[in-house]
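Counting starts at 1 for both ligands and their atoms, in listed order. What you are looking at is a predicted structure, and each value in this text was computed from that prediction instead of being measured.
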Amino acid sequence: MPPVFRFAPSPNGFLHLGHAYSALLNFDRARETGGRLLLRIEDIDMTRCRPEFEAAMYEDLAWLGIAWETPVRRQSEYLADYRGALDKLSALGLVYPAFESRAEIARLVAAREADGPWPRDPDGAPLYPGDAKSLSAAERDRLIDTGMPYALRLDMAAACRRTGGLSWKELGEGPDGERGMVPARPEAWGDVILARKETPTSYHLSVAVDDALQGVSEVVRGQDLFHATAVHRLLQVLLGLPAPVYRHHRLIRDDAGRKLSKSSRSTGLRELRAAGLTPAGIRQLVGLG
Ligand code: GLU
C-alpha cells in the first residue's frame, strides 16, 4: 500500500512560510515515495475559522505547485465521527465534565502557586487544577441540568493506567533531538480537554480519529506538535486505532527567532507573492531549494 501523508491547516488566518515548508515537505515525501497526499481542513473552532481563509489556502497551496487528493476532509462536517470516539472513551469511564470557567481555573492555579510551583504542560500552560473529577454522578447531572457550560476532560491518570507505557516512532527530530522510538509522556499534559458542551471534539481527539480514518501512515508536521504526539498515541491506543509514524520538522522562525504566526505579515505567502517571489523562491527561503 502506498504511504499516506496529510497537510492539516486550520483556516483561521493566511498561510505563512512555516505552512509552506510543512506542506512542501509532505508533498515532496509523497512524491519521493509514490505516496498519496491528503489535505485536511481543521476547522473545529468555528469562532476563528472563516471560509475566505480556506479559499485562500487552496489558492496559495496550488500557487506553490502542491497537488492533493480530493475530496478534502473538512472536520466541521464529521462531528458524528468524533462524537462516536468520545462515546467510546466515556464508556471506558475515562471522561468527566468540568464546569470551571477559564477565569476560575486561573484563580485556582494562582491559589495553588501561592504554596509553590504548580506543574505546567509542555506548551507552558498550567495543568488543570480543578476537582471536577471527584464530583458525584448526581452532582454532575445536577450541574449539567442547570445549563452551565462545561468541558469534557480525559481522566489522564486512569487512561495511562489502562494503556501502560507507550512510545512512537520518530523519523524526524524532537526539539531536544529525540528520534527513533520516543517514550510518550501524555501525563505531562494533565486532564486534557476532549470536547466541550457545544462541540463534541477538540484538536487532540479529531486529529487522532482523522489520521486513522484517512489511513495516514506518516505524519509530517512541525516540532511545535512534537509533545502533543504523546496524547495522540494515548488516544490511538484507547480507541484501538493504528499508529502512524511521525516526522516532526524544524520550525521556520522570523529574524528575531520567533515562531511565525498567521498575523505576521512579512512572512505571509500572499505578501511574498505580491512582492514578486516565485514558488521556487519560497522553496529557497525555507531551505528546500
Ligand atoms: N491544524 C494544526 C495546525 O494548523 C496542525 C495539526 C497537525 O498537523 O496535527 O497547526
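- Residues satisfying the side-chain hydrogen bond (donor to acceptor under 3.5 Å, both in side chains) criterion with Ser261, sequence neighbours excluded, are Ser263.
- Cation-pi check for Arg112 over Trp118 is met; the charged atom lies under 6.0 angstrom from the ring centroid and within 45 degrees of its normal.
- The contact shell of ligand 1, taken as protein residues with any non-hydrogen atom closer than 4.0 angstrom, comprises Arg6, Ala8, Pro9, Ser10, Glu42, Tyr203, Val207, Arg221, Leu225.
- Considering every non-hydrogen atom in both Glu187 and Leu127, the closest pair reads O-CD1, 4.5 Å.
- In terms of heavy-atom proximity, Arg250 sits nearest to Val286 at NH2-O, 2.8 Å.
- Between Arg6 and Arg73, every side-chain heavy-atom pair lies at or beyond the 4.5 Å cut-off.
- The number of heavy atoms from other shown groups lying within 6.0 Å of CZ (Arg48) does not exceed 12.
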